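Comments concern the structure below.
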Amino acid sequence: KPSVLFDFCCATPTQLTRIVEESGLEGRVKVVKLLEDVVLVDTEHHFLANYSPLFVDCSRRLGEPVLAAKEVVEEYRNVFSRMVEVVASSSSTLIDLDVLCGGGLCLTTVFGMFLQYPYRLLYI
């Protein structure tokens, strides 16, 4: 798996970092903090290669789901590209990406991008 999401976990990011380091996965697995949740990321996975899901806007303001506007899709791709860049370039096992989570992004969609799931369809 490219990533594992810990959204209902009793372990803190620091405790998860210690587990990664003690298991010998330091350098390959990064503990990525996104606000209240944590994603364990396999740094050997190429997140941006061959991954172009459809984005569906299922906001309450809409009567029914529609394909997301091009600008919205580009915003998510740009933010996710920046997140992947920060993760790849960091020498630390624990990475806090809270600063990149602003702007009203749907974190569920960002998690879906890290998990590479579902492969062809993401809801925002």
Side-chain angles (χ1 to χ4, degrees):
K1 291 186 173 187
S3 299
V4 177
L5 172 63
F6 285 90
D7 54 350
F8 292 103
C9 180
C10 296
T12 66
T14 303
Q15 291 169 326
L16 289 171
T17 301
R18 194 171 326 122
I19 290 169
V20 167
E21 293 169 348
E22 291 175 0
S23 67
L25 295 172
E26 186 176 12
R28 177 172 178 170
V29 174
K30 304 281 183 155
V31 178
V32 177
K33 182 179 171 299
L34 293 161
L35 300 179
E36 301 299 319
D37 299 313
V38 175
V39 180
L40 297 184
V41 176
D42 180 352
T43 59
E44 294 183 4
H45 184 78
H46 301 285
F47 286 94
L48 303 175
N50 301 318
Y51 183 64
S52 56
L54 295 175
F55 287 77
V56 176
D57 189 341
C58 55
S59 304
R60 287 185 186 204
R61 62 181 166 73
L62 301 173
E64 59 186 42
V66 298
L67 287 178
K70 183 178 179 180
E71 312 82 55
V72 173
V73 172
E74 284 306 311
E75 178 183 6
Y76 276 90
R77 286 188 177 148
N78 290 339
V79 170
F80 185 67
S81 292
R82 179 70 183 125
M83 288 178 172
V84 169
E85 181 181 304
V86 169
V87 170
S89 65
S90 177
S91 60
S92 176
T93 301
L94 176 59
I95 303 164
D96 188 333
L97 295 180
D98 287 0
V99 70
L100 297 175
C101 293
L105 290 177
C106 175
L107 281 184
T108 303
T109 300
V110 175
F111 292 133
M113 294 174 86
F114 270 114
L115 299 171
Q116 304 279 281
Y117 175 84
Y119 181 69
R120 300 295 293 163
L121 192 64
L122 286 174
Y123 296 93
I124 56 175

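Side chains included, hydrogens not; waters and symmetry mates left out as well; all remaining heavy atoms used. This chain uses plain numbering: 1 for the first residue, then up along the sequence. Treat the numbers as computed from the prediction; the structure is a model and nothing was measured.
- Under a 3.5 Å cut-off, the side chain of Ser90 and the backbone N or O of Val86 do not form any donor-acceptor pair.
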**Message:** Please evaluate residues Leu100 and Leu105 with respect to the criterion side-chain contact (heavy atoms from CB on, under 4.5 Å), reporting the C-alpha separation (whole Å), side-chain torsions for both, the decisive distance (0.1 Å), and the verdict.
**Reply:** CA-CA 9 Å; Leu100 297 175; Leu105 290 177; over 6 Å; no

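- Here the CG atom belonging to Asp42 is positioned 7.5 Å from the OG atom belonging to Ser3, to the nearest 0.5 angstrom.
- A salt bridge links Glu85 with Arg82: the closest approach of a Lys/Arg side-chain nitrogen to an acidic carboxylate oxygen falls below 4.0 angstrom.
- Looking at every heavy atom in both residues, Gly27 comes nearest to Lys30 through O-CE, 4.3 Å.
- Here the straight-line distance linking atom CZ of Phe114 with atom CG of Leu97 works out to 6.0 Å at 0.5 Å rounding.
- Taking CG of Asp57 as the start and OG1 of Thr109 as the end, the distance is 9.0 Å to the nearest 0.5 Å.
- The backbone N or O of Leu35 lies less than 3.5 Å from a partner atom in the side chain of Lys33, making a donor-acceptor pair.
- Interatomic distance, Leu115 CG to His45 NE2, rounded to the nearest 0.5 Å: 10.0 Å.
- Counting only distance, with no hydrogens or angles, the side chain of Thr43 and the backbone of Arg28 share a donor-acceptor pair below 3.5 Å.
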**Request:** Decide yes or no on side-chain contact (heavy atoms from CB on, under 4.5 Å) for Met113 and Val84, but give the supporting numbers first.
**Result:** CA-CA 10 Å; Met113 294 174 86; Val84 169; over 6 Å; no

**Item:** Stepwise side-chain contact (heavy atoms from CB on, under 4.5 Å) check, Val31 with Ile95
**Value:** CA-CA 6 Å; Val31 178; Ile95 303 164; over 6 Å; no

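- Results of the side chain to side chain contact (heavy atoms under 4.5 Å, CB included) test with Met83 over Val39, Asn78, Val110, Val41 single out Val110 as the only residue that passes.
- Atom CG in Leu25 sits 10.0 Å away from atom OG1 in Thr93 (nearest 0.5 Å).
- Rounding to the nearest 0.5 Å gives a distance of 6.5 Å between CD of Glu74 and NZ of Lys70.
- When all heavy atoms of Leu62 and Val66 are compared, the closest pair comes out as CD1-CG2, 3.8 Å.
- Between Phe55 and Tyr76, the ring planes are tilted. Angles from 30° to 60° get that label.
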